[in-house]
Amino acid sequence: MGVYHKKLEPFEFESDFPGLSKAQEVFLANWFSHCERQDRYLPQRSDFHPAEFGVHMKNVVVFDISKNPTDFQYRLFGTAVRANSDQDYTGQALSTIKGKGPESELWNALIEVRDSQKPVYKAMPYVGPSQDYKHLTVLFLPLSSDNKSCDKILLVKNYIFQNAETRSLA
């Protein structure tokens, strides 16, 4: 597993991360700002203070990464994410949830982030109780307890209505 080096290449929100919601933009900017401080390779979960993000916290999911065997456990499940899901998955491991375990699109994205130790932005299918959404975009941000190896992943979700011009979560 490689290390995300302190020297970050310049990025443009519009070209490198097109269509970010306001919440995703705020979290991504914060993530990069922590990488640039104090000779850190990766930010820690403790760098993201809920009070700083206010209403945007409702869009967040945090996973703990388990090794041997690899798994991802829901640590935090934002209120908007809960409202748009079948249930609150806090504390559950992905491997125990039908359709979310190994080989699922979510699992593969989490593996990609863990291994690359870089932010990933993806459009993903919406799976949940609402018929209002077409899909969602997800920003995946790697986090580290030691600032070097990814052991948590923060997701910021944005649900896209069937009417693609309207976003439900900004």
Out of curiosity, [X] [atom1] to [Y] [atom2], how far, rounded to the nearest 0.5 Å?
| X | Y | atom1 | atom2 | result |
| --- | --- | --- | --- | --- |
| Gln87 | Arg82 | CD | CZ | 7.0 Å |
| Leu20 | Thr137 | CG | OG1 | 7.5 Å |
| Gln73 | Lys152 | CD | NZ | 9.5 Å |
| Ile153 | Ile65 | CD1 | CD1 | 4.0 Å |
| Lys148 | Gln117 | NZ | CD | 11.5 Å |
| Arg114 | Cys150 | CZ | SG | 8.0 Å |

Mind listing the closest non-hydrogen atom pair of [X] and [Y] along with its distance?
| X | Y | value |
| --- | --- | --- |
| Phe48 | Pro43 | CE1-CB, 3.9 Å |
| Glu103 | Asn108 | O-ND2, 3.6 Å |
| Val61 | Lys157 | CG2-CE, 4.3 Å |

side-chain contact (heavy atoms from CB on, under 4.5 Å) partners of Asp151, counting only residues at least two apart: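 Per chain and number, Asp151 pairs via side-chain contact (heavy atoms from CB on, under 4.5 Å) with Ser145.
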
Does [X] use its side chain to pair, donor to acceptor, with the backbone of [Y] at less than 3.5 Å?
| X | Y | answer |
| --- | --- | --- |
| Ser144 | Ser149 | yes |
| His56 | Val26 | no |
| Asp71 | Ser66 | no |

Note: Glu105-Lys122 ion pair, threshold 4.0 Å (strictly below): no

Would [X] end up clustered with [Y] when hydrophobic side chains under 4.5 Å apart are linked, directly or stepwise?
| X | Y | answer |
| --- | --- | --- |
| Phe32 | Val60 | yes |
| Val127 | Leu94 | no |
| Met124 | Phe77 | yes |

Ring geometry between Phe72 and Phe63 (parallel below 30°, tilted from 30 to 60°, perpendicular above 60°):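 Ring orientation of Phe63 relative to Phe72: perpendicular.
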
Parallel, tilted or perpendicular: ring planes of Tyr159 versus Tyr126, cut at 30 and 60 degrees: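 Judged by the thresholds at 30° and 60°, the geometry between Tyr159 and Tyr126 is perpendicular.
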
Any side-chain heavy-atom pair of [X] and [Y] under 4.5 Å:
| X | Y | result |
| --- | --- | --- |
| Leu155 | Val81 | no |
| Arg45 | Arg75 | no |
| Phe27 | Asn59 | no |

Pair Phe140 and Tyr121, ring centroids less than 6.0 Å apart: no

No-hydrogen, no-angle side-chain donor-acceptor test under 3.5 Å, Glu52 and Asn30: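 Yes, a side-chain donor-acceptor pair sits under 3.5 Å.
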
Side chain to side chain contact (heavy atoms under 4.5 Å, CB included) between Trp31 and Leu154, worked out: CA-CA 10 Å; Trp31 186 89; Leu154 185 147; over 6 Å; no

Lys/Arg cation over aromatic Tyr89: Lys100, 6.0 Å, 45° cone: yes

Intermediate values then yes/no, side chain to side chain contact (heavy atoms under 4.5 Å, CB included), Ile97 and Tyr74: CA-CA 11 Å; Ile97 304 169; Tyr74 285 97; 3.8 Å; yes

Chi angles and distances behind the side chain to side chain contact (heavy atoms under 4.5 Å, CB included) call for Asn84, Leu136: CA-CA 11 Å; Asn84 291 300; Leu136 62 146; over 6 Å; no

